[in-house]
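It should be emphasised that the depicted structure is a prediction, and the values quoted were computed from it without experimental measurement. Scope of the values below: all heavy atoms of this structure, side chains included, with no hydrogens, waters or symmetry mates.
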Amino acid sequence: MTSTILLQAGGAGGIMGFLPMILIIVVFYFFMIRPQMKKAKDHKKYIEELKVNDRVVTTAGIHGRLVEISETTFLVDVGGGVKIRFDKSAIALDASKAQNAAPKA
């Protein structure tokens with residue numbers, strides 16, 4: 001009879017053992033995964049809304065003005081008559097946002 005009582009008590013401990021793991025997954029979702037998905041969605045929307053003559057900054061840190069937009073690439077004028085073709089994923093952010101975010105001395 002005592003072994004039956006011990007086996008029944010052990011089953012409840014198994015569920016309680018998973019509770020911390022479930023809480024960790026929930027915290028990861030709300031503090032890491034969800035904000036990252038929102039950021040990716042916002043960046044995709046930004047890329048789709050770009051138009052010719054917008055000033056942009058690439059992921060490599062190159063500042064320039066969009067000259068041509070094709071389905072998968074952008075042609076960026078970096079000044080001095082130099083034009084560089086970039087993949088759409090290489091555009092990091094709007095140059096005006098980058099200038100506003102820069103700390104002022």
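Counting only heavy atoms from C-beta outward, the side chains of I47 and I91 approach each other to under 4.5 Å. Inter-residue side-chain proximity for V67 and V52 is flagged as unmet; no heavy-atom pair is nearer than 4.5 Å.
Under a hydrophobic-cluster definition in which Ile, Leu, Val, Met, Phe, Trp and Tyr are linked whenever side-chain heavy atoms come within less than 4.5 Å, directly or via other members, I62 and Y46 are assigned to the same cluster. Cluster membership for I24 and F18, using ILVMFWY side-chain heavy atoms within less than 4.5 angstrom, is not shared. The cluster map of Ile, Leu, Val, Met, Phe, Trp and Tyr, joined by side-chain heavy atoms under 4.5 Å apart, puts I25 and I22 in different clusters. Cluster membership check: V26 shares its hydrophobic cluster with M37, using side-chain heavy-atom separations under 4.5 Å among Ile, Leu, Val, Met, Phe, Trp and Tyr.
Atoms CG and CE, from L23 and M21 in turn, are 11.0 Å apart once rounded to the nearest 0.5 Å. One distance of note links OG of S89 with NE2 of H43; it measures 8.5 Å at 0.5 Å rounding. The structure places CD of E48 at 7.5 Å from NZ of K88, a figure rounded to the nearest 0.5 Å. Atom CD in Q36 sits 15.0 Å away from atom CZ in F31 (nearest 0.5 Å).
Shown here for P20 and G17, the closest heavy-atom pair between the two residues is CD-O, 3.5 Å.
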Could you list the donor-acceptor pairs under 3.5 angstrom formed by side chains in residues 71-84, with sequence neighbours left out?
{"from": "T73", "atom 1": "OG1", "to": "S70", "atom 2": "OG", "distance (Å)": "2.7"}
{"from": "T73", "atom 1": "OG1", "to": "R85", "atom 2": "NH1", "distance (Å)": "3.2"}
{"from": "D77", "atom 1": "OD1", "to": "G79", "atom 2": "N", "distance (Å)": "3.1"}
{"from": "D77", "atom 1": "OD2", "to": "R65", "atom 2": "NH2", "distance (Å)": "3.2"}

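Qualifying salt bridge (Lys or Arg N to Asp or Glu O under 4.0 Å) partners for K41, counting only residues two or more places apart in sequence or in other chains: none.
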Verdict with reasoning, V56 to L50, per side-chain contact (heavy atoms from CB on, under 4.5 Å): CA-CA 9 Å; V56 295; L50 284 173; 4.0 Å; yes
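Among pairs with a residue in residues 23-38, those fulfilling salt bridge (charged side-chain N to carboxylate O under 4.0 Å, His left out) read K38-D42, at least two apart in sequence or across chains.
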